[in-house]
Protein chains: 2
Amino acid sequence: MTDDLLADRDSWLTSTCSIARALDVVGNRTTLLLLREASLGTRRFDAFARRAGVSEPVAAARLRQLVADGLLERHPYREPGQRTRDEYHLTRKGAELLPVLTALRQWGDAWAADEAGPAIRLEHHDCGAAVHARLRCDAGHDVAADEIAVRPGPGLRRADRNPPTAP
Amino acid sequence: MTDDLLADRDSWLTSTCSIARALDVVGNRTTLLLLREASLGTRRFDAFARRAGVSEPVAAARLRQLVADGLLERHPYREPGQRTRDEYHLTRKGAELLPVLTALRQWGDAWAADEAGPAIRLEHHDCGAAVHARLRCDAGHDVAADEIAVRPGPGLRRADRNPPTAP
DNA sequence: CACCTGGCTTTTGTTTAGCTAAGTCAGGTG
DNA sequence: CACCTGACTTAGCTAAACAAAAGCCAGGTG
């Protein structure tokens with residue numbers, strides 16, 4: 001019947017997809033590289049540009065956009081004998097992209113690594129064990145790719161592509 | 001001392017970063033949207049293009065690249081009374097991007113959602129509980145963003161930017 | 001008060017990503 | 001055998017994403 005939204009994937013609105021909306025914010029390479037730097041503790045403009053390997057104009061534009069989008073905050077600080085500067089640091093909204101960055105790095109380590117192995121290793125501050133991005137269900141089980149079922153959520157709406165009367 | 005790689009982030013080679021290498025493969029919007037479709041079960045060319053909301057030329061180019069990169073495989077199939085076609089399906093390499101897609105969707109649900117809530121919900125096939133991307137250490141602890149320490153890995157090499165003698 | 005440094009902005013140009021519209025081609029159907 | 005359909009390709013274009021090089025400005029130092 002027509003309410004079978006899952007079987008009728010064509011009727012889904014692309015605009016409803018959270019992945020697409022996330023990509024509107026972090027959907028380009030340099031943004032993710034700058035967020036990587038922020039997550040590793042980089043704070044200052046020139047360090048962002050140099051470490052992420054992007055040109056200064058691009059770094060300036062992306063950082064401005066990241067602040068506008070609320071992923072980074074600027075706030076002034078002062079080193080002794082230096083003038084006041086602004087540093088950029090992650091907001092909660094930005095920090096919550098860490099699973100995305102970690103999952104990307106993990107995949108890169110597994111499938112696009114150089115011979116020498118991973119360049120950096122994240123470890124749990126408390127116990128020293130390596131940190132990974134994992135899929136897990138709220139009941140606490142580890143979930144493999146083929147153990148996942150897709151269900152419609154409350155935000156799912158159908159595209160209204162067909163007029164009420166037949167042509 | 002000069003061996004303090006972690007304190008001297010500038011000396012890290014950007015090219016060594018697995019995130020950057022992962023982004024070389026999946027660093028654009030349409031690629032991720034097509035992989036989203038593949039993970040939701042889309043198999044055929046026109047469905048990929050329509051559901052991901054990308055034009056046919058772009059869909060063709062990206063799908064070809066994804067096959068070349070080993071994230072998708074084409075293989076022929078035949079519906080009764082139809083001619084033989086190729087369908088695209090995820091390889092292991094492609095399927096292991098699921099944590100990336102899930103983390104992106106999760107972030108979008110949390111920070112860029114529309115009012116109605118998430119459009120789709122992943123649940124664990126066995127128990128019906130919602131599936132999320134989580135950071136966890138190998139000792140089994142859930143790890144928050146501020147509980148992570150960064151350590152150099154075996155693949156970390158320094159950029160040789162300074163000549164052996166001072167200027 | 002001349003100079004330096006960090007943090008940008010401006011300019012110019014190239015590359016990549018994307019679209020629309022139209023065309024091609026193989027194979028199955030009437 | 002003419003026609004249709006699915007799966008693309010080709011052609012032509014716009015817009016966004018980058019880079020390199022140079023300039024600008026505020027404030028602190030000598």
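A, B, ... follow the sequence lines: proteins, then strands. Residue 1 opens every chain.
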query = Are the side chain of A/T91 and the backbone N or O of A/G70 linked by a donor-acceptor pair below 3.5 Å?
reply = yes
request  = Starting from C1' on D/dA7, measure out to CZ on B/R50 and report it in whole angstrom.
outcome  = 12 Å
note = Rounded to whole Å, the CG-P distance (B/L23 to D/dC18) equals 10 Å
message = Measuring to OP1 and OP2 of C/dT16, would you say a side-chain N or O of B/N28 lies under 4.0 angstrom away?
response = no
ask   = Taking only N and O in the side chain of B/R29, is any of them less than 4.0 Å away from OP1 or OP2 of D/dA16?
value = no
query = B/R85 has a side chain; which of C/dT20, D/dG6, D/dA20 sits nearest to it?
reply = D/dG6
ask   = Rounded to whole angstroms, how far apart are CG on A/D46 and C1' on C/dC4?
value = 15 Å
ask   = Taking only side-chain nitrogens and oxygens of A/Y88, does any of them come within less than 4.0 Å of OP1 or OP2 of C/dC8?
value = yes
request  = Kindly say if B/R74 contacts the phosphate of D/dC8, meaning a side-chain N or O under 4.0 Å from OP1 or OP2.
outcome  = yes
ask   = Any donor-acceptor pair under 3.5 Å linking the side chain of B/Q106 with the backbone of B/A133?
value = yes
ask   = Quick one: OG1 on B/T102 to CD1 on A/I19, what's the gap to the nearest 0.5 Å?
value = 7.0 Å
Short side-chain N/O contact from A/R64 to OP1 or OP2 of C/dT9, under 4.0 Å = yes
task = May I ask you to verify if any side-chain N or O of A/R44 is less than 4.0 angstrom from the OP1 or OP2 atom of C/dG7?
result = yes
key: For atom CD of B/E56 and atom C1' of C/dC25, their distance in whole Å   = 14 Å
A/W107 side chain vs B/K93 backbone, donor-acceptor pair below 3.5 Å = yes
query = Which whole-number value in Å describes the distance from A/L63 CG to C/dG6 P?
reply = 17 Å
task = Between D/dT9, C/dC19, D/dA20, spot the one nearest the side chain of B/A60, thanks.
result = D/dT9
message = With a 4.0 Å limit, can you tell me whether B/T30 has a side-chain N or O closer than that to the phosphate oxygens OP1/OP2 of C/dG18?
response = yes
ask   = Counting N and O atoms only, with roles assigned by atom type, does the side chain of A/R21 sit under 3.5 Å from a partner on the main chain of B/A112, one being a donor and the other an acceptor?
value = yes
ask   = When the distance from CG of A/L66 to C1' of D/dA17 is rounded to whole Å, what number comes out?
value = 15 Å
message = Under 4.0 Å, counting only non-hydrogen atoms across every strand here, what does B/F48 touch: a base, just sugar-phosphate, or nothing?
response = nothing
note = Which of C/dC8, D/dA19, D/dT9 is nearest the side chain of A/F45? It is C/dC8
ask   = Between D/dC18 and A/R62, is there an OP1 or OP2 to side-chain N/O distance shorter than 4.0 Å?
value = yes
key: Value in whole Å for how far the C1' atom of D/dA7 lies from NE2 of B/H75   = 17 Å
